[in-house]
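Data first, discussion second: the structure below is written as structure tokens.
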Amino acid sequence: MKLSGTVQYRDLEGGVWVLKADDGRTYQLAGGDRKIKKDGQRISAEGSIQRDAVTTAMVGPVFHVSSYTLES
């Protein structure tokens, strides 16, 4: 699955990083590395939805990033 959007930090349950995707949905980020965890950073990412994941933040489906590119 490919997604593009803006990375955002949400101060919930100790803090959580999300991707506000161009499709209007919000995904909780997993995987990737520290370079994508910058509030306001635009990325294009490939990965998969972890349908069996349960989180306390409950901000949206968990998107596990396998690769990404930073956008300007």
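When reading the values below, keep in mind they use all heavy atoms of this one structure, side chains included, and skip hydrogens, waters and symmetry mates. One is the number of the first residue; the rest follow in order along the sequence.
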* Side-chain heavy-atom pair V7, V18 within 4.5 angstrom cut-off -> no
* State, with a plain yes or no, whether a side-chain heavy atom of I43 is found less than 4.5 Å away from one of T69. => no
* Which pairs with one or both residues in residues 63-72 pass salt bridge (charged side-chain N to carboxylate O under 4.0 Å, His left out), sequence neighbours excluded? -> R42-E71
* Hey, quick one: are V62 and M1 part of the same hydrophobic cluster, counting side-chain heavy atoms closer than 4.5 Å, chains of contacts allowed? -> no
* To do: Please examine the side chains of T26 and L19, heavy atoms only from C-beta on, and report whether any two atoms are closer than 4.5 Å.
  => no
* Rounded to the nearest 0.5 Å, what's the gap from NZ on K35 to CD on Q41? Could you check? => 11.0 Å
* Structure fact -> Applied to residues 20-42, the ring pair (Phe, Tyr, Trp, His ring centres under 6.0 Å) test, sequence neighbours excluded, yields none
* Reported CD-to-NZ distance for the pair Q8 and K20, which is rounded to 0.5 angstrom -> 7.0 Å
* Shortest non-hydrogen contact between V65 and A45, atoms and distance -> CG1-CB, 4.2 Å
* With side chains defined as the heavy atoms from C-beta onward, is the minimum distance between V16 and Y9 less than 4.5 Å? -> no
* **Interatomic spacing from NZ in K38 to CH2 in W17 - rounded to 0.5 Å** => 10.0 Å
* **Closest heavy-atom pair and its distance - S4, S44** => OG-OG, 3.0 Å
* Asked: Under 4.5 Å between any side-chain heavy atoms of P61 and Q50, yes or no?
  -> no
* Asked: Between L3 and D23, is any pair of side-chain heavy atoms under 4.5 Å apart?
  -> yes
